[in-house]
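These values consider heavy atoms only, across backbone and side chains, with no hydrogens, waters or symmetry-generated copies.
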Amino acid sequence: MRAVSAVLFLLIPVLTACGGGGGGSGGGSGGGSTAPDAITAPGVSRQIRLADGSGSVDSLSGARTARVDLFPDANGELAAITLTTGGQTTHITLDELDDGYVTDDGLIVALQGSELLILSENDFGDYTGLAGWATLSGPGGVQGAGDRFNFGVFALGDETAVLPSGPARYSGTSIGYAETPAGSGITTSEITIRTSDFASLDLSSTGTRLAEPGATASQAVPDLDFSGTLSRTGTGFGGSISGNGVSGSADARAYGPRAAEIGGTFRASGSGGDYAGAYSAVRD
């Protein structure tokens, strides 16, 4: 499970960033035997509620607030992670993982009892981090009716206070869950964002792939690809998205100095399936 631990560690920009705080543990004696304080990052997520154990989708939520708590050990290495949204909390302790695997498109799945954590090897942000999580009701980590999958983007740095001017392009990835005619499971896609002046963002999600539960092999699901224009709405962006098989809505916010990264969430439905997730993208 070292691969899972390594990518989880990427959720922390620099653990030493909390070394200067925490009430004086950095001065004087003690020799660093006390673990640093937990790092808490706010986020935005979407939730997918399952209708049954086959993966059929009962409902897709709108955007909702989320939180990730990262717990380092005494050596400053990540020991545990807690993800919370909508009254649901999932806690993963890295040295207690029961199982895990990596799909051929870079999704990392870790299981501890009934707790499921999903990350992406293609998530390279310094100011944002992606995660998916669920508490599964079936025995041995099998999904069941009423189970809720959550996918969020978290602010590991400050949200951009003043947006810059001029053109910009971003590249990134998404993670999510979908029920499609070809099957149900976790998804990933390539994200591209373009803007001429930050009055709006042109969002595109292409190359979407889906891996069914427990499978490392994924399949292309082009009917889940979408694009749309997100307009400024206060401190963020929002708008409609559509593709050959789905339509819905997406949101976005900018993070880091001069909008170094953009992250957001989406949901969409149609003949191509029911689909929701989160994404992040880094300025090219």
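Connection of Phe154 to Val282 is not established within any shared hydrophobic cluster, with ILVMFWY side chains joined at heavy-atom distances below 4.5 Å, either directly or through further cluster members.
In terms of the salt bridge (Lys or Arg N to Asp or Glu O under 4.0 Å) criterion, Glu96 has no residue partners (sequence neighbours excluded). Applying the side-chain hydrogen bond (donor to acceptor under 3.5 Å, both in side chains) criterion to Ser249, with sequence neighbours excluded, gives no partner residue. With sequence neighbours left out, Asp69 forms a salt bridge (Lys or Arg N to Asp or Glu O under 4.0 Å) with Arg67. In this view, Asp197 satisfies the salt bridge (Lys or Arg N to Asp or Glu O under 4.0 Å) rule with no residue, not counting sequence neighbours. Not counting sequence neighbours, Arg283 has no partner by the side-chain hydrogen bond (donor to acceptor under 3.5 Å, both in side chains) test. In this structure Asp284 satisfies the salt bridge (Lys or Arg N to Asp or Glu O under 4.0 Å) test together with Arg169, sequence neighbours excluded. Taking Thr265 as the reference, Arg46, Asp251 meet the side-chain hydrogen bond (donor to acceptor under 3.5 Å, both in side chains) condition, with sequence neighbours excluded. In this structure, the ring-ring contact (aromatic ring centres under 6.0 Å, His included) partners of Tyr177, at least two apart in sequence or on a different chain, are Phe149. The side-chain hydrogen bond (donor to acceptor under 3.5 Å, both in side chains) search around Thr216 returns none, not counting sequence neighbours.
Here the closest non-hydrogen pair linking Ile118 and Leu107 is CG2-CD2, 4.5 Å. For the pair Ile175 and Ser120, the tightest heavy-atom approach, listed with the atom from each and the gap, is CG2-CB, 3.8 Å. Between Ala145 and Ser137, the shortest heavy-atom contact is O-OG, 4.3 Å. The nearest pair of heavy atoms linking Thr65 to Ser45 is O-OG, 4.3 Å. Shortest non-hydrogen contact noted between Ala38 and Pro72 is CA-CD, 4.1 Å. The two residues Ala41 and Leu156 have their closest heavy-atom pair at CB-CD2, 3.9 Å.
Atom NE2 in His91 sits 10.5 Å away from atom OG1 in Thr84 (nearest 0.5 Å). Note that CG of Leu97 is 11.5 Å distant from CD of Glu115, once rounded to the nearest 0.5 Å. Atom-to-atom distance recorded for Ser56:OG and Leu50:CG is 8.0 Å, nearest 0.5 angstrom. Here Ser269 contributes atom OG and Asp274 contributes atom CG; the two are 4.0 Å apart, rounded to the nearest 0.5 Å.
Residues Thr85 and Trp133 have side chains in contact (heavy-atom distance under 4.5 Å, counting atoms from C-beta outward). You'll find the side chain of Val142 stays beyond 4.5 Å of the side chain of Leu136, heavy atoms only. Counting heavy atoms from C-beta outward, Asp126 and Glu261 have side chains that approach closer than 4.5 Å. Contact of the Arg148 side chain with the Ile48 side chain is not registered, since no non-hydrogen atoms from C-beta on lie closer than 4.5 Å. Under the 4.5 Å side-chain criterion, counting only non-hydrogen atoms from C-beta, Leu70 is in contact with Leu78. Within the 4.5 Å cutoff, the side chain of Gln47 has no heavy atoms near those of the Leu60 side chain. Side-chain atoms of Ile186 and Val109, non-hydrogen and from C-beta on, do get closer than 4.5 Å to each other.
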*Hey, mind stepping through Thr82 and Thr89 against side chain to side chain contact (heavy atoms under 4.5 Å, CB included) and telling me if it holds?*
CA-CA 7 Å; Thr82 299; Thr89 297; 3.4 Å; yes
*After noting the C-alpha distance and the side-chain angles of Ser200 and Ser231, does the key distance pass the side chain to side chain donor-acceptor pair (under 3.5 Å) rule?*
CA-CA 4 Å; Ser200 63; Ser231 302; 5.7 Å; no
*For Thr173 and Leu130, what are the C-alpha separation, side-chain angles and deciding distance, and is it a side chain to side chain contact (heavy atoms under 4.5 Å, CB included)?*
CA-CA 9 Å; Thr173 192; Leu130 293 173; 3.8 Å; yes
*In sequence, state the C-alpha distance, the side-chain angles, and the governing distance for Thr135 and Gln88, and then conclude on side chain to side chain contact (heavy atoms under 4.5 Å, CB included).*
CA-CA 8 Å; Thr135 299; Gln88 180 182 357; 3.9 Å; yes
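With a 4.5 Å cut-off between side-chain heavy atoms of Ile, Leu, Val, Met, Phe, Trp and Tyr, the cluster of Phe71 takes in none. Under a 4.5 Å side-chain heavy-atom cut-off, the cluster of Ile, Leu, Val, Met, Phe, Trp and Tyr residues that includes Phe226 is completed by Leu163, Tyr170, Ile191, Ile193, Phe198, Leu201, Leu203, Leu210, Val221, Leu224, Leu230, Phe237, Ile241, Val246, Ile262, Phe266, Tyr275, Tyr279. As a member of the Ile/Leu/Val/Met/Phe/Trp/Tyr network built from side-chain separations under 4.5 Å, Tyr127 groups with Tyr255.
Using a distance-only test at 3.5 Å, with no hydrogens or angles considered, a donor-acceptor pair links the side chain of Thr160 to the main chain of Gly256. Using a distance-only test at 3.5 Å, with no hydrogens or angles considered, a donor-acceptor pair links the side chain of Asp147 to the main chain of Gly144. Judged by distance alone, with hydrogens and angles left aside, the side-chain atoms of Thr188 form a donor-acceptor pair with the main-chain N or O of Ser174 at under 3.5 Å. No donor-acceptor distance shorter than 3.5 angstrom exists from the side chain of Ser205 to the backbone of Ser189, with no hydrogens or angles considered. In terms of modelled atom types and a separation under 3.5 Å, the side chain of Glu190 and the main chain of Thr208 share no donor-acceptor contact. Using a distance-only test at 3.5 Å, with no hydrogens or angles considered, a donor-acceptor pair links the side chain of Tyr101 to the main chain of Gly214.
Looking at Asp98 and Gln112, their side chains never bring a donor and an acceptor atom within 3.5 Å of each other. In this structure, a donor-acceptor pair under 3.5 Å is present between the side chains of Asp105 and Ser218. With 3.5 Å as the limit, one finds no donor-acceptor pair spanning the side chains of Thr206 and Asp225. Side-chain N/O atoms of Ser280 and Asp123 include a donor and acceptor closer than 3.5 Å.
Within a 6.0 Å sphere centred on CG of Asp104, other residues, nucleotides and ligands contribute more than 12 heavy atoms. Environment of CG in Asp95: crowded, with over 12 heavy atoms of neighbouring residues, nucleotides or ligands closer than 6.0 Å.
Each of Ile108, Ile92, Leu94, Leu111 was scored for a side-chain contact (heavy atoms from CB on, under 4.5 Å) with Leu117, with one residue passing: Ile92.
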